[in-house]
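Since the structure comes first, as structure tokens, the remarks are kept for the end.
Below, chains carry the letters A, B, ... as their sequence lines are ordered, and counting in each starts from 1. Excluded from the calculations below are hydrogen atoms, water molecules and symmetry mates; all remaining heavy atoms, backbone and side chain alike, are included.
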Protein chains: 2
Amino acid sequence: MNPLIPIKSATLSEDIAQQLTNAIVQGQIAQGSKISEPELAKQYGVSRGPLREAIVKLEGLGLVTRTANVGARVIQLNIQDMLDTFTMREALEGMAARLAASNMTQDDVLRLTHLLDEHQAHLDAHKDEHYIQQGSNDDFHLRIIHASGNAKLIRLLTEELYAVIRMYRRHTSDQRSDPRQALREHRAILDAIANHEGDLAELLMRRHISRASQLLKQAMEQAVSLPTKAGLPIHPANQPKQ
Amino acid sequence: MNPLIPIKSATLSEDIAQQLTNAIVQGQIAQGSKISEPELAKQYGVSRGPLREAIVKLEGLGLVTRTANVGARVIQLNIQDMLDTFTMREALEGMAARLAASNMTQDDVLRLTHLLDEHQAHLDAHKDEHYIQQGSNDDFHLRIIHASGNAKLIRLLTEELYAVIRMYRRHTSDQRSDPRQALREHRAILDAIANHEGDLAELLMRRHISRASQLLKQAMEQAVSLPTKAGLPIHPANQPKQ
DNA sequence: AAAGAGAAAATTGTTGACAATCAACCTTGT
DNA sequence: ACAAGGTTGATTGTCAACAATTTTCTCTTT
């Protein structure tokens with residue numbers, strides 16, 4: 001289905017890790033399903049060596065769990081884990097906002113303001129399309145994170161945690177999220193940063209993420225009470241255990 | 001030098017990862033030195049397969065950096081990375097303290113109080129031996145972290161970050177750290193938790209860690225101005241590049 | 001003698017085969 | 001009929017050899 005498509009990086013194992021990550025985040029490999037090494041190896045046209053390395057990496061990213069002599073399974077999204085993850089995100093992105101308030105120059109702030117203006121314009125033009133907003137929502141957060149100037153923090157948030165976060169957002173079609181409210185909150189955060197008010201920036205970022213987490217929670221609670229949603233097919237053979 | 005010693009876990013790769021982690025944290029493998037797959041494989045008496053998996057895991061832990069077709073090197077400790085790491089720790093353990101303030105029962109608090117009393121007694125008995133205090137210092141922090149009840153936070157702090165943190169503490173013999181002061185701060189944090197004052201507990205934990213980070217920074221600044229310290233041997237063949 | 005190009009050695013990336021473990025099925029006994 | 005035990009099949013863990021890339025050394029040239 002996905003036999004060695006586009007991006008060729010230096011090593012096969014990196015490629016596979018990338019592709020597997022995307023496949024899992026986008027739900028092409030169902031959550032809770034088993035990862036069969038021979039099957040995937042054949043599918044991607046590589047041997048089991050690089051594939052195993054990729055799986056080990058995914059385990060580090062928290063996308064799969066491995067048990068010795070049994071194999072790897074894609075994680076099963078659930079409310080508690082989501083809340084736990086977003087609480088961590090609160091702490092980390094809150095700190096990022098605080099640091100950004102110290103680091104960002106007038107120019108940086110101006111560029112971010114323009115970005116938010118674009119979001120506003122885009123919002124006015126396309127009244128309903130929430131999903132496109134998703135990407136720009138990320139944009140703002142990623143900019144703040146990078147503006148923190150903390151290399152370790154950047155790596156943790158953008159390379160290790162974001163895969164799971166995106167997975168949660170993607171699999172729960174949070175239609176209830178209000179892009180205009182989010183934009184207002186973004187502006188408030190940016191204001192605090194522009195005034196170098198680290199405390200306030202952190203507080204606002206935390207509230208912003210906390211609110212998003214509550215919305216996601218409601219969406220997930222509604223989802224479980226509903227029949228299995230489309231887009232989340234569970235193949236009989238891959239069914240989660242127990 | 002370390003050919004397959006004690007702990008046998010389910011899989012070779014896990015063993016090796018564990019042993020390599022210890023060897024790096026304890027400085028038996030010098031920072032900045034190259035990791036030779038054939039050499040280590042022979043040393044541990046395994047083939048290169050499991051060894052490579054272990055190295056991939058260590059890369060996830062941030063203990064080594066890998067470059068394609070070149071190999072892995074142990075990280076090189078430096079002040080900036082230390083500060084970045086401890087800033088993250090501030091955010092995360094601060095949040096852990098806040099959560100602990102909500103979660104811990106009267107009994108939990110009592111048990112932790114006893115632990116701190118033991119530390120006090122130990123301190124009174126052995127006036128000077130800082131290094132033993134190190135372990136008990138960890139104890140307190142680990143207890144708080146676990147008391148947070150946030151599984152993701154626990155995993156991140158205790159399994160992914162602590163190796164590097166321990167490495168920083170071990171390699172910079174921070175004799176300037178004052179165990180009694182640390183103990184006082186621990187008591188203050190615990191007080192806040194006992195009173196369910198999340199805000200205060202977070203604030204105090206942050207200050208506590210920030211202070212430790214400043215002390216470490218001073219120790220590292222002093223260390224670099226000194227000749228190569230004993231316990232950090234750099235073999236000619238393993239010398240860091242450039 | 002120094003610098004650069006080229007060849008040789010060593011190391012990493014990848015593969016396919018073998019060994020060990022687990023899961024499912026079948027058989028057997030009560 | 002059901003439970004327990006063993007057997008078969010498949011999957012994971014490990015190994016040793018091959019391919020590709022990098023590094024080192026040597027030889028040539030200026």
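- We find that CZ of A/R73 is positioned 13 Å from C1' of C/dC22, with the value rounded to whole Å.
- In this structure, CD of B/E14 is placed 14 Å from P of C/dT21, rounded to the nearest angstrom.
- For the pair B/R166 and B/Y162, the cation does not sit on the ring face, since its NZ or CZ is not both under 6.0 Å from the ring centre and inside 45° of the axis.
- Under the 3.5 Å distance criterion, with hydrogens and angles disregarded, a donor-acceptor pair is assigned to the side chains of A/S13 and A/K57.
- If you run side chain to side chain donor-acceptor pair (under 3.5 Å) between A/T105 and each of A/D107, A/N103, A/D108, only A/D108 comes through.
- Phosphate contact (OP1/OP2 of D/dT12, side-chain N/O of A/K34, threshold under 4.0 Å): present.
- Distance from the side chain of A/P38 is smallest for D/dT12 among the nucleotides C/dG16, D/dT12, D/dC15.
- Aromatic rings of A/H141 and A/H186 (six-membered ring for Trp) have centroids within the 6.0 Å cut-off, being under it.
- One interatomic measurement links the two molecules: CG of B/D15 to P of D/dG13, which rounds to 14 Å at whole-angstrom precision.
- Between the CZ atom of A/R48 and the C1' atom of D/dC15 there is a distance of 12 Å, rounded to whole Å.
- Nearest to the side chain of A/E37, among D/dG13, C/dG16, C/dG13, sits D/dG13.
- Backbone-only contact: A/I35 has heavy atoms under 4.0 Å from sugar-phosphate atoms and none from a base.
- In this structure, A/S210 contributes its side chain and A/R206 its backbone to no donor-acceptor pair below 3.5 Å.
- For B/R52, a side-chain nitrogen or oxygen approaches OP1 or OP2 of C/dG13 to under 4.0 Å.
- Distance B/K42 NZ to D/dC15 C1': 17 Å, rounded to the nearest Å.
- Taking only side-chain nitrogens and oxygens, A/T11 comes nearer than 4.0 Å to OP1 or OP2 of C/dT14.
- The residue among A/A68 and A/E53 whose nearest nucleotide of DNA chain C is located toward the 5' end is A/E53.
- Taking only side-chain atoms of B/V70, from C-beta outward, the nucleotide of C/dT14, D/dT23, D/dC15 with the closest atom is D/dT23.
- Taking atom CG of residue A/L51 and atom C1' of nucleotide C/dT14, one finds them 13 Å apart after rounding to whole Å.
- Among the atoms of the strands shown, none is found under 4.0 Å from any heavy atom of B/G49.
- Of the candidates D/dG13, D/dT22, C/dT14, the closest approach to any side-chain atom of B/N69 belongs to D/dT22.
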